[in-house]
Colleague: 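Below you'll find the structure I mean.
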Amino acid sequence: MATFELYRRSTIGMCLTDTLDEMVQNGTLTPDIAIQVLVQFDKSMTEALDTQVKSKVSIKGHLHTYRFCDNVWTFILQDASFKSEECQETVGQVKIVACDSKLLSQ
């Protein structure tokens, strides 16, 4: 299964990376094992988001910047409002990165 490395820049991905770096520096893990853990993290995040998340959210805001490069869309919204069935939240600025899931099956 092909994966994207997008989730490594999430909060949980950064914490995992920091922890793995520390374990490699302490000699607890080899660099090869740390890389295998990150690859598994990428696969697990992709699978979990595909199979377990069923929520829908609508997003409205002022489109500040957009870009399409290497089949990846990047949007920067200002004064963005996220609305789901349960709640609504407004944030000052948000960056959304979207990839074509069809690329994973190639």
Side-chain angles (χ1 to χ4, degrees):
M1 172 201 303
T3 60
F4 294 117
E5 296 179 3
L6 292 173
Y7 309 113
R8 293 184 191 184
R9 297 199 59 206
S10 66
T11 302
I12 191 168
M14 295 293 284
C15 290
L16 175 62
T17 302
D18 291 345
T19 302
L20 291 171
D21 286 344
E22 186 177 315
M23 292 176 81
V24 168
Q25 289 176 1
N26 292 341
T28 308
L29 287 179
T30 65
D32 290 339
I33 297 291
I35 290 170
Q36 288 177 10
V37 169
L38 285 174
V39 170
Q40 183 59 50
F41 171 75
D42 297 335
K43 291 178 184 178
S44 297
M45 285 296 295
T46 301
E47 182 181 344
L49 290 172
D50 184 40
T51 61
Q52 297 179 18
V53 176
K54 304 299 179 201
S55 299
K56 303 243 186 238
V57 174
S58 64
I59 305 168
K60 291 183 181 180
H62 173 72
L63 181 60
H64 179 268
T65 307
Y66 68 94
R67 180 180 324 132
F68 182 71
C69 182
D70 296 332
N71 291 313
V72 176
W73 280 102
T74 303
F75 302 94
I76 297 178
L77 300 174
Q78 293 179 330
D79 300 321
S81 176
F82 293 80
K83 186 176 182 182
S84 69
E85 292 179 2
E86 297 86 28
C87 65
Q88 181 172 339
E89 189 72 35
T90 302
V91 295
Q93 184 170 332
V94 64
K95 179 179 181 180
I96 300 171
V97 180
C99 300
D100 189 351
S101 64
K102 295 174 188 167
L103 297 174
L104 293 174
S105 61
Q106 292 180 349

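For the single chain, residues carry numbers from 1 onward in sequence order.
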Colleague: Nearest 0.5 Å, what's the CD-OG1 distance between Gln78 and Thr65?
Modeller: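 Going from CD on Gln78 over to OG1 on Thr65, the span is 7.5 Å.
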Colleague: Should Phe41 and Val53 be regarded as members of a common hydrophobic cluster, given that ILVMFWY residues are connected when their side-chain heavy atoms come within less than 4.5 Å of each other, either directly or indirectly?
Modeller: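 Phe41 and Val53: one cluster.
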Colleague: Linking I/L/V/M/F/W/Y whenever their side-chain heavy atoms sit closer than 4.5 Å, directly or via other members, would Val97 and Ile76 fall into one cluster?
Modeller: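 Looking at the clustering, Ile76 is in a separate group from Val97.
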Colleague: Using 0.5 Å steps for rounding, measure from the CZ atom of Arg9 to the CE atom of Met14.
Modeller: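 Those atoms lie 7.0 Å apart.
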Colleague: Roughly how far, to the nearest 0.5 Å, is the CG atom of Leu16 from the CD atom of Gln40?
Modeller: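 That separation rounds to 11.0 Å.
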Colleague: Tell me whether Leu49 at atom CG has more than 12 heavy atoms from other residues, nucleotides or ligands lying less than 6.0 Å away.
Modeller: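 Above 12, so yes.
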Colleague: Are Leu63 and Val72 joined in one hydrophobic group, where the rule is that I, L, V, M, F, W and Y side chains link up if heavy atoms are under 4.5 Å apart?
Modeller: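 No, Leu63 and Val72 fall in different hydrophobic clusters.
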Colleague: With rounding to the nearest 0.5 angstrom, report the CG to CD distance, Asp18 to Glu22.
Modeller: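 Those atoms lie 8.5 Å apart.
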Colleague: Search all heavy atoms of Leu20 against all heavy atoms of Ala34 and return the closest pair with its distance.
Modeller: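 In this case the closest contact between Leu20 and Ala34 is CD1-O, 3.7 Å.
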Colleague: Search all heavy atoms of Thr51 against all heavy atoms of Lys54 and return the closest pair with its distance.
Modeller: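 In terms of heavy atoms, the two residues are closest at O-NZ, 3.2 Å.
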Colleague: Determine whether Phe75 and Val94 fall in the same hydrophobic cluster, where Ile, Leu, Val, Met, Phe, Trp and Tyr are linked whenever their side-chain heavy atoms lie under 4.5 Å apart.
Modeller: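 Yes; Val94 is reachable from Phe75 via cluster members.
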Colleague: Does CD in Gln88 sit with more than 12 non-hydrogen atoms of other residues, nucleotides or ligands closer than 6.0 Å?
Modeller: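 Enclosed.
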Colleague: If hydrophobic clusters are built by linking Ile, Leu, Val, Met, Phe, Trp and Tyr wherever their side-chain heavy atoms come under 4.5 Å apart, do Val57 and Ile96 end up in the same one?
Modeller: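 In one cluster: yes.
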Colleague: Return the CD to NZ distance between Glu85 and Lys56, rounded to the nearest 0.5 Å.
Modeller: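 Those atoms lie 10.0 Å apart.
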Colleague: For the pair Tyr7 and Thr46, evaluate side-chain contact (heavy atoms from CB on, under 4.5 Å) and give the outcome as yes or no after the intermediate values.
Modeller: CA-CA 8 Å; Tyr7 309 113; Thr46 301; 3.7 Å; yes
Colleague: What distance separates Gln93 CD from Asp79 CG, expressed to the nearest 0.5 Å?
Modeller: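 It comes to 9.5 Å.
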